[in-house]
Structure formats: C-alpha cells, structure tokens
Amino acid sequence: MPNPLEEVSQYPEEMTMTSTPLGSGSNPTGGVRDGQVVRDASLLILLAALRVMVRSSGILHVETAYHRWKLLLQRGGLVLMEEEGHVIATLTSKLGNRGIRFARIPNWEQKEPNRPYCYPFVSQVFKRYPEQTKSALKEILLENLLALHLEDKFSFVWRPVSDIPDNLPVWQLSLLEGNASKEARQWQQFQYVQHPYQRVQLLDAANMLARVGNDNFPLFARVTTGQHRLSAIADSFKQPIYRTALLLDKLAQKKIVAILPLEQRHSQEALGAGDQPIQPPMNITGPKIFVVDDSPVLLRQFHDLLVEWGYQVSLSDDATTATQLIANYMPAVIFLDINMPGLSGFELIKQIRRQPNLAEIPLVLVTAENSMSNSFRARWANCRFIAKPKTIDDTVTFREQLRTVLRELAPLPTDQLV
C-alpha cells in the first residue's frame, strides 16, 4: 500500500459552490453555507470542498447512488468517517483484529443529525487502547476514502458543529487523500473488482478447495456467500484490502468467484436529515424455508441470503433424513438439489409427496445440471426449477429467479426483497 506520508496532488485553496441554499446560516467555509446542498458534484469538486471546509469544525454528509457517509472535520483535519449502516460492524471488526474484544456489542441511538454515531464509544476505547484505536480509525478512514474515489456523482451538505470534544486523533486530509488517490488508480487496473464494498460469491467450491486446502477453506466459504463485502473479507483474513482485492480479481477471472455489482440505496430520506444506523432484525418472522443440499457452501449461501431478506431458514445436508425434519418444521417452500448421496432429489420428492401433511408444500429443484431433461422432470413432478449459478451473470439471474419464486410462493409481508 502506498505510504500516506508521500507528497499529494494539490487542489484549489479557495472555491465557491453554487447551489440552492436549503437553510440559513453563516458562511465560514468560502461559499458553502450551513444547510446548502450540492448535488451531482464530481469527485474533484467534493475534494476541493473538503479542503475548504476542513478549516472549520463540523459534519459533512456525503451520499452517492450506493452509499452514505458522515465525515467529522475538526482542528484542521479529518477525525472520523462513518458509513451509514456499517458503523458498528466496521468498528468492532477493526478493533477485534487488534485484540480488543467486547462482551457486549455497543448499540447507539442517534437523536441529533449532526453528531457522529460512534464518537462516545470510540473516545472511551481510545482512552484505554490509544495505539490500537488510532490504527483502526486510520484504516477505516483510508478504506472509506478509497470507496469515495471509486464512485462518482456526489451530493453533500455541510453542518458546522462547535461543541464536540477534541480528544481523538486528527488526520491531515491531504495525506489521507493522497494515499486513497494512489490506491484508487491501482484498483482501476482490476478486471472484475471495482469497489471495496462489492460482495463476493463462491462459484467453484471444488477448485477453491484445491487452492487453499482444508484448513483455510471453511473460512473462505463462509465469507464468500454473496453477503460479505470485499473489505470485510480482508478483515476476516487480517490482510490489506488491496491484496484481498487482487486475489479475488484473479479468482473472478478464473470463474471461481463472482464479484457482485453494488446495490443502489433504497433510503429516500433527505440528505443530512438525521438518518439512523441500519440494524439487523432481531426477530425474523417471515415465512419458513427449508433447503436440502449436500453442499455446505450452497447451504450457507442460501441461509445468509434468505435470512437477510427476512425469511426463517432451516437446512439439511442429508436427504435420507430430510423428510422427518421437514415434517417437524412445516415450511412454506422446500428447495432441494437433484444429485445427492443416499437419496436423489426426485426420490426425496416422492417421499415428501407421500406425506399427507407435506403433499401441498411447493417444491423447487435447484441444481447445477440445467438440462432439458431435468427441467421436464421437474415440471412432471409439479416442481419449480432453478439452475445453480456458474458465472457472475448467472448469479445475478439466479437471485432474480429466486426472488420471483419466493414472491409468488411465500411472499414477505412487506415484499421488500433486495
């Protein structure tokens, strides 16, 4: 990774932004007023605005089509950079890699829009573990700034703040930006990886197992289910994010993993309007889904995806005992593989259909063998049929087909699958 203390490119020292002011306020930042929203700005404009605003203290709310951030500027530098919905997970992961564990994961309620979510917590940890916390905060800043450099079309609004304690490290903006800019140029050489927040899905488990061996494969399979970001995968393996991206790009070229495209934000809240950290649901109450497959990788992928969507999920890797488990669970839909040891998918269908209390449950065959004969046999058995993904294009198609099937057979109350 480039040295953050190297010389950086210079941006204009003074600038004036033109936009419709959405609120009144003084003008301490060379043209960007309190509450003034700037929309569809380029990265160059955003960075130039930062160089002006860093002379004051306050919160800069930044959003793109995919992400939202809060940047705390204080004492001439950048203190914190929080990404909406990932503050807790990112902090605890970075600190955990430095040996700082928590008996209870912190939970913050943000009542004021112009305060960092994590400031009180980070301040307490910094007092006790100054060096580890300082290192983690710097890593988070660099990671978020890299993400900014790999997107375009920013909207932002400035909110001055004068009463936040100044007891955390302050990083010189130009040094951080120089590092992020240089690394972003390296990332632009990748063929498949485009952003540190893209998610990764394992496609060829057998090939990956041969590469990493039995010791490393369980962890790799667990973090490549399509639910984990590339940056989080780097944390799991405790290695630099660029090294992780380089490896995954090579694996994507060999069709061993798929790098999924970024998903657009669904929040319609106004920029800087006091958005809340996104918390995972504590109690999942959606329809029950049962999945039978001899592949632990596919089972993990199914579980993580369906739970994220809001479904209750039960799994089995043994077709010979699945019928009794299904009878005890009574799911709304059953997904099953065709080729399984001990009992094939079609034999399992016969067992399920012979049970009066299970006979009407919808069945969906999921198999890597996307043949006309399997499709015909599925229709003959009155089952749906979905082909397992083999490429990144197949992965996107698979998720869409799965979403369509679930919306028809077991819709969620809110129908908010993403």
*Mark yes or no for whether R101, through its side chain, and G96, through its backbone, hold a donor-acceptor pair below 3.5 Å.*
yes
*With N144 via side-chain hydrogen bond (donor to acceptor under 3.5 Å, both in side chains) - residues at least two apart*: W69, Y197
*asked:* If you define the side chain from C-beta out and look only at heavy atoms, does anything of S314 sit under 4.5 Å from L325?
replied: no
*Quick one: pull up CD1 in I361 and CZ in R353 and give me the separation to the nearest 0.5 Å.*
9.0 Å
*Grab the two heavy atoms, one from W158 and one from P160, that are nearest each other, plus how far apart they are.*
NE1-CG, 3.4 Å
*Can you tell me if D40 uses its side chain to pair, donor with acceptor, with the backbone of K153 under 3.5 Å?*
no
*Tell me, do V257 and L203 make a side-chain contact under 4.5 Å, heavy atoms counted?*
no
*Assess whether side chain to side chain contact (heavy atoms under 4.5 Å, CB included) is satisfied between I352 and L363, documenting all intermediate values.*
CA-CA 9 Å; I352 294 172; L363 304 178; 4.2 Å; yes
*Side-chain heavy atoms of I256 within contact of L202, under 4.5 Å*: yes
*Could you note down all residue pairs passing salt bridge (Lys or Arg N to Asp or Glu O under 4.0 Å) where residues 122-137 supplies at least one of them, sequence neighbours left out?*
none
*With sequence neighbours left out, write down each residue that passes side-chain hydrogen bond (donor to acceptor under 3.5 Å, both in side chains) with D304, or none if nothing qualifies.*
T225
*For D294 and P341, work out which heavy atoms get closest and say how close.*
OD2-CD, 3.6 Å
*Are side-chain heavy atoms of H228 and T224 found at a separation under 4.5 Å?*
no
*Can you sort out the partners of D166 under side-chain hydrogen bond (donor to acceptor under 3.5 Å, both in side chains), two or more places apart, ordered by chain and number?*
none
_Pairs touching residues 316-336 that satisfy salt bridge (Lys or Arg N to Asp or Glu O under 4.0 Å), sequence neighbours left out_ = none
*What pairs with F302 under ring pair (Phe, Tyr, Trp, His ring centres under 6.0 Å), at least two apart in sequence or on another chain?*
F335
_Shortest non-hydrogen contact from L409 toward P362_ = CD1-CB, 3.8 Å
*Give a yes or no on whether K250 atom NZ has more than 12 heavy-atom contacts from other residues, nucleotides or ligands under 6.0 Å away.*
no
*Candidate pair V38 and F154, rule side chain to side chain contact (heavy atoms under 4.5 Å, CB included), full reasoning*: CA-CA 8 Å; V38 179; F154 303 88; over 6 Å; no
*Taking atom CG of L175 and atom NZ of K138, what is their separation to the nearest 0.5 Å?*
8.5 Å
*At their closest point, which heavy atom of P196 faces which heavy atom of L150, and how far apart are they?*
CD-CD1, 3.7 Å
*Non-hydrogen atoms of Q172 and S174 that approach each other most closely*: NE2-OG, 3.0 Å
*Do you know the tightest heavy-atom contact between P287 and L412?*
CD-CD2, 3.7 Å
*asked:* My understanding is that only one of R51, K182, H149 makes a side chain to side chain donor-acceptor pair (under 3.5 Å) with E177; could you say which?
replied: H149
_Using a 3.5 Å distance criterion without hydrogens, assess whether the side chain of D249 forms a donor-acceptor pair with backbone atoms of V193._
yes
*I would like to know whether L95 and T133 meet side chain to side chain contact (heavy atoms under 4.5 Å, CB included); could you show each step before the answer?*
CA-CA 7 Å; L95 293 171; T133 306; 4.2 Å; yes
*Measuring from L73:CG to L78:CG, what's the distance to the nearest 0.5 Å?*
6.0 Å
*Does the ring center of F126 lie less than 6.0 Å from the ring center of Y119?*
no
_With sequence neighbours excluded, residues passing salt bridge (Lys or Arg N to Asp or Glu O under 4.0 Å) with R229_ = E83
*asked:* Can you confirm whether L246 sits close enough to Q186 that some side-chain heavy atom of one is under 4.5 Å from a side-chain heavy atom of the other?
replied: no
Can I get a per-line list of side-chain donor-acceptor pairs under 3.5 Å for residues 232-241, giving both atom names and the distance, sequence neighbours left out?
| from | atom 1 | to | atom 2 | distance (Å) |
| --- | --- | --- | --- | --- |
| D235 | OD1 | K94 | NZ | 2.9 |
| D235 | OD2 | S93 | OG | 3.2 |
| D235 | OD2 | K94 | NZ | 3.3 |
| S236 | OG | A232 | O | 3.1 |
| Q239 | NE2 | T244 | OG1 | 2.8 |

_Using the side-chain hydrogen bond (donor to acceptor under 3.5 Å, both in side chains) criterion, which residues pair with T323? Sequence neighbours excluded._
Q351
*Short question: side chain of Q198, backbone of H195 - any donor-acceptor pair under 3.5 Å?*
yes
*Find the distance between CE (M340) and CD1 (I338) and round it off to the nearest 0.5 Å.*
9.0 Å
*Just wondering, do L91 and I140 contact through their side chains at under 4.5 Å, heavy atoms?*
yes
*Is the backbone of Q227 close enough, under 3.5 Å, to the side chain of R199 for a donor and an acceptor to pair up by distance?*
yes
_Residues L146, Y242; criterion side chain to side chain contact (heavy atoms under 4.5 Å, CB included); working and verdict_ = CA-CA 10 Å; L146 171 64; Y242 177 79; over 6 Å; no
*asked:* Are L358 and I334 packed together at the side-chain level, in the sense that at least one heavy-atom pair is separated by less than 4.5 angstrom?
replied: no
*asked:* I'd like to know if K388 and D337 make a salt bridge, using a cut-off of under 4.0 Å between side-chain N and carboxylate O.
replied: yes
*asked:* Working to the nearest 0.5 angstrom, can you tell me the gap between L230 CG and E143 CD?
replied: 9.0 Å
*Heavy-atom side-chain contact between H303 and V291 under 4.5 Å*: no
_With Q124 via side chain to side chain contact (heavy atoms under 4.5 Å, CB included) - residues at least two apart_ = none
_ring pair (Phe, Tyr, Trp, His ring centres under 6.0 Å): pairs with one or both residues in residues 200-227, sequence neighbours excluded_ = none
_Backbone N/O of L168 and side chain of Q74: donor-acceptor pair under 3.5 Å_ = no
*Measuring from L80:CG to I164:CD1, what's the distance to the nearest 0.5 Å?*
8.5 Å
*Mind checking what makes salt bridge (Lys or Arg N to Asp or Glu O under 4.0 Å) contact with E347, not counting sequence neighbours?*
none
